[in-house]
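Please read the structure below before turning to the comments.
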Amino acid sequence: MRYEHKKIDTKWQKKWEEAGIFRASDDFSRPKFYGLVEFPYPSGSGMHVGHIKAYSGLEVVARKRRMQGYNVLFPIGFDAYGLPTENTAIKTGVHPRVVTDRNIEKFTGQLKRVGFSFDWSRVIDTTEEGYYKWTQWIFLKMFEHGLVFRDKTLVNYCPSCKVVLSNEDSQGGKCDVCHSDIVQKTKEVWYLRITEYAEKLLEGLNEVDYLPNIRLQQENWIGKSVGAFVNFPVKETGETLRIYTTRPDTLYGVTFMVMAPEHPMLEKHRALLKNAGELDAYKAECAKKSEFERTQLVKDKTGVRVEGLTAVNPVTGKEIPIYISDYVMMGYGTGAIMAVPAHDSRDYEFAKKFGIDIVEVIRGGDISREAYTGDGEMVNSGVLNGITNKKDAIEKMLSVLAEKGCGERGVQYKMKDWAFNRQRYWGEPIPIVHCPTCGMVPVPYEELPLRLPPVDNFQPGSDGESPLAKIESFVKCRCPRCGGEARRETDTMPQWAGSSWYFLRYTDPHNPDALASQEKMKYWLPVDWYNGGMEHVTRHLIYSRFWHRFLYDIGEVPVKEPYAKRTAQGLILGSDGEKMSKSRGNVVDPNAVVEENGADALRLYVLFMGDYEQAAPWNENSMKGCVRFLDRMAGLTELVRGSGVTPELETAFHKTIKKVSQDIEAMKFNTAIAQMMILINAIYDCGHLTREELGTFARLLAPFAPHLSEEIWESLGGEGFVSLAAWPTWDESKTVDKTMEYAVQVLGKLRGTVTVNADDDRETVLRKAKESEKIAPFLAGKQVVKEIFVPGKLVNFVVK
RNA sequence: GCCGGAAUGAUGGAAUUGGCAGACGUGCCGGACUCAAAAUCCGGUGGUAGCGAUACCGUGCGGGUUCAAGUCCCGCUUCCGGCACCA
């Protein structure tokens, strides 16, 4: 048989579709496997080969599971709300709906040409009414449970996209969409109270199987810190200044306090301030700096002393000056700190610059040169003196604080509440009505979906208002509660909303009455294996775990954690070693590769090119090896002879079945393919194989290169589709060769090898090694003091 | 600055618990087929010395542990990713 990929690809893709063999069935008696890949954002430029790699991993697993008899749910869909589509619409004047449909069609065509075994009957489009109805429904449930609120504070704002971004969307001070610098702006926006779920999100990690670096990144993002709140009385006001610290043990070393420039105490006791003007000027200066500028000036501490307010150390009674400085943030802890310059490098720099006392309370460093942050004996610390263990010192201080009633244990998280809004058109409308008498009123559930109205002008307002604000017919409405005149919210939801629950919808994608039926969710959830990009670990993956956990808490979903297992693929870089991007012109279009080499070659190559989890550059040349392999695979049909098993090949087959089976589970696709190459080389060396053996080979290859495998299977007269044939099993005893080679070392140096029978025992192997021609001279006249024997591998003689 | 990860031939990358470094693929060299080329097939391919068998060296750098180190320990260098004045 010759490998004619064009003919074979379309032939089998058509047959699979007609037979509907990749549709998940709702037969709840069978064992299930739910494999999930991150659904794509349908951009105008279409897919590149990186998408193909991202899906090919679980594609292989899903196909293997089907052959192992599982009822497999392997769905795909489109995360279609978002800024790029809207920006295209603004530029071209074509409605985002039209742009989206066009892009989805393009993506679908590309995916189908690669022959992925997705269940196309369950496709989701997050911009469809039947879908976003439930996105809005979940939002209202959160509103009902107090997890939605509006607040006027400093927000991350992208001046280029003209939208407010969440913390997750502005990592590193850059806009996630356009990479512009983010500015801080005071604005009233919607928030989801994700911080209320910080502890649950952290705990949940204990019951799932995520790659260690994924878990670690989530833990760091949530950023739990354990410490204490301490209340410092303020002499002039009789109130207290509350601070958060992780080092209550250093309380005796406090020589000043620092508040964030925005700290409310300044406003409240303005009358007492002797240098209000100076303080105002500093505050104004800080507000001008972008996040970026603030972090660039790390080394150079600035600040102003608050004249007129004095703190009192609650344990020693000592008076302490208060400063404001932008190295203390209003958004973390209480917006104020106790400064211990001897044992904190930031406080140290500040103290040096402002000439403040530095008092050592932990011995071990040289505080005349730098802050000492290590452990040591407590000194100058009253009751703590002499304690050498940090933990003990902290505990002791906590009990002192408790006794005096001026402090207690506390926990803080770095994660902030989720700024949940876009001042844009192409997103789910937030289903809230503002009523002059009733306030914020949710749209009744029966009225969902709240439809996105048609509009001619998608241009966001220069005043930071959504285009929806200009549509009077949408904005003007009746209050659902009192019936009076009211106005609709005009912000839309951010792009992450639809993707926060899509995996639930796949279990029951056409349900008009619920986000999914309980029965179906009970069967299909959790997702058994979820694969996607590392860039989503601190965005989508956190958000969707939050939504899911909320739905669990209110009894809407049956399992706590949505994803039992999470892995991530490495990027495909351009042939220049750089990240693939349109502007660099190094993007590879999968269609072009399929056209030239066939879908199977593309699938094989993206998995063979390197470690699946590692980034690897695209190399047109390297793909030749995969094409040759497929050619040689097709050529095997000419070598079929005899029946039963070929004794020369039997071990090779069992080894290959074992290795391929195990490597797929460990996502080591590259070595699985290498093993099949070893097998094919062995078959060509042997010159022939049996019909059964070729059938086995076709089944092993089917998850990777299904089109050619089907063709071979058919030519052998195999029953049905190879895609549904039973996965081959191996016999452990047949994976070992009858004879094996031992490496023989003398004093750790390789001096030769010796061939022995597989069932030879230790003594026999050692004897044969000693007697072997190559080794004997090295042992002659020496005394063997030690014999090392590693079964199946090597022997080593230590001689004197 | 902090937290992760990595560094192996010309090249992409292999290498259970420490156990024959370089599997498999690409490229390159030689040969077969061909008028010729492409494709295909066969052989070779870490470095140095030698006609050779063979010897010595070799997994970023410097030490160490061990019969044995790419793998473990100590000290560095470079690169990649994440976080970043988080109290």
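Computed from a prediction, not measured in an experiment: that's the story for all the values here. Each chain gets a letter, A, B and so on, in the order its sequence line appears, and its residues count up from 1.
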Fill in the blank from the handout: Among B:A15, B:C20, B:G82, the one nearest any side-chain atom of A:Leu750 is B:C20

Exercise for the section: Just call it for A:Asp344: base, sugar-phosphate, or nothing, with non-hydrogen atoms closer than 4.0 Å on any strand. Expected result: nothing

Exercise for the section: Validate the cation-pi geometry between A:Arg566 and A:Tyr210: distance from NZ or CZ to the six-membered ring centre under 6.0 Å, angle to the ring axis within 45°. Expected result: no

Practice task
Could you check whether A:Ile678 gets within reach of a base, just the sugar-phosphate, or nothing at all, counting any heavy atom under 4.0 Å?
Solution key: sugar-phosphate

Completion exercise
In short, A:Asn156 meets A:Ser170 closest at the heavy-atom pair ND2-OG, 3.2 Å

Fill in the blank from the handout: Nearest-nucleotide check on RNA chain B, A:Lys786 vs A:Gln745; residue mapping nearer the 5' end is A:Gln745

Could you list the protein-to-nucleotides 2-12 of chain B atom pairs, N/O on both sides, closer than 3.5 Å?
unit_1, atom_1, unit_2, atom_2, d
B:G12, O2', A:Met609, O, 2.6

Exercise for the section: Just call it for A:Arg632: base, sugar-phosphate, or nothing, with non-hydrogen atoms closer than 4.0 Å on any strand. Expected result: sugar-phosphate

Problem - Heavy-atom closest pair, residues A:Met415 and A:Thr195 - result: O-CG2, 3.4 Å

Practice task
Just call it for A:Leu747: base, sugar-phosphate, or nothing, with non-hydrogen atoms closer than 4.0 Å on any strand.
Solution key: sugar-phosphate

Exercise for the section: Can you tell me which stems RNA chain B forms, taking runs of 3 or more consecutive Watson-Crick or G-U pairs with both distances under 3.5 Å? Expected result: B:1-7 with B:77-83, B:10-12 with B:24-26, B:27-32 with B:40-45, B:46-49 with B:54-57, B:60-64 with B:72-76

Fill in the blank from the handout: When rounded to whole Å, the CZ to C1' distance for the pair A:Arg628 and B:C24 reads 14 Å

Exercise for the section: Output all residues satisfying side chain to side chain contact (heavy atoms under 4.5 Å, CB included) with A:Tyr348, sequence neighbours left out; order by chain, then residue number. Expected result: A:Lys352, A:Ile358, A:Ala371

Problem - Cation over ring face, A:Lys414 and A:Tyr332, 6.0 Å, 45° - result: no

Practice task
May I ask you to say what A:Lys579 touches in the nucleic acid, namely base, sugar-phosphate or nothing, with a heavy-atom cut-off under 4.0 Å?
Solution key: nothing

Handout entry: Nucleotide B:C85, atom C1' - distance to CZ of A:Phe256 in whole Å
Key = 12 Å

Exercise for the section: Please work out if A:Asp631 contacts a base, only the sugar-phosphate, or nothing of the nucleic acid, heavy-atom cut-off 4.0 Å. Expected result: nothing

Practice task
Please check if the distance between the ring centroids of A:Tyr543 and A:Trp418 is under 6.0 Å.
Solution key: yes

Completion exercise
When rounded to whole Å, the CG to C1' distance for the pair A:Leu604 and B:U26 reads 14 Å

Practice task
Check whether any side-chain nitrogen or oxygen of A:Lys749 sits under 4.0 Å from OP1 or OP2 of B:C57, and answer yes or no.
Solution key: yes

Handout entry: No-H, no-angle donor-acceptor pair, A:Lys793 side chain to B:C20 base, under 3.5 Å
Key = no

Exercise for the section: Would you classify A:Asp347 as touching base, sugar-phosphate or nothing, given that sugar-phosphate means primed atoms plus P, OP1 and OP2, and contacts are heavy atoms under 4.0 Å? Expected result: nothing

Fill in the blank from the handout: Ranking A:Cys626 and A:Gly748 by the position along RNA chain B of their nearest nucleotide, the one closer to 5' is A:Cys626

Handout entry: Any side-chain donor near an acceptor of the partner, A:Thr671 and A:Asp663, under 3.5 Å
Key = yes

Exercise for the section: Report yes if a side-chain nitrogen or oxygen of A:Tyr244 is closer than 4.0 Å to either non-bridging phosphate oxygen (OP1 or OP2) of B:A87; otherwise report no. Expected result: no

Handout entry: Polar contact flag, side-chain donor to acceptor under 3.5 angstrom, A:Tyr742-A:Thr755
Key = no

Exercise for the section: Would you mind telling me which of B:C85, B:A15, B:G25 lies closest to the side-chain atoms of A:Met677? Expected result: B:G25

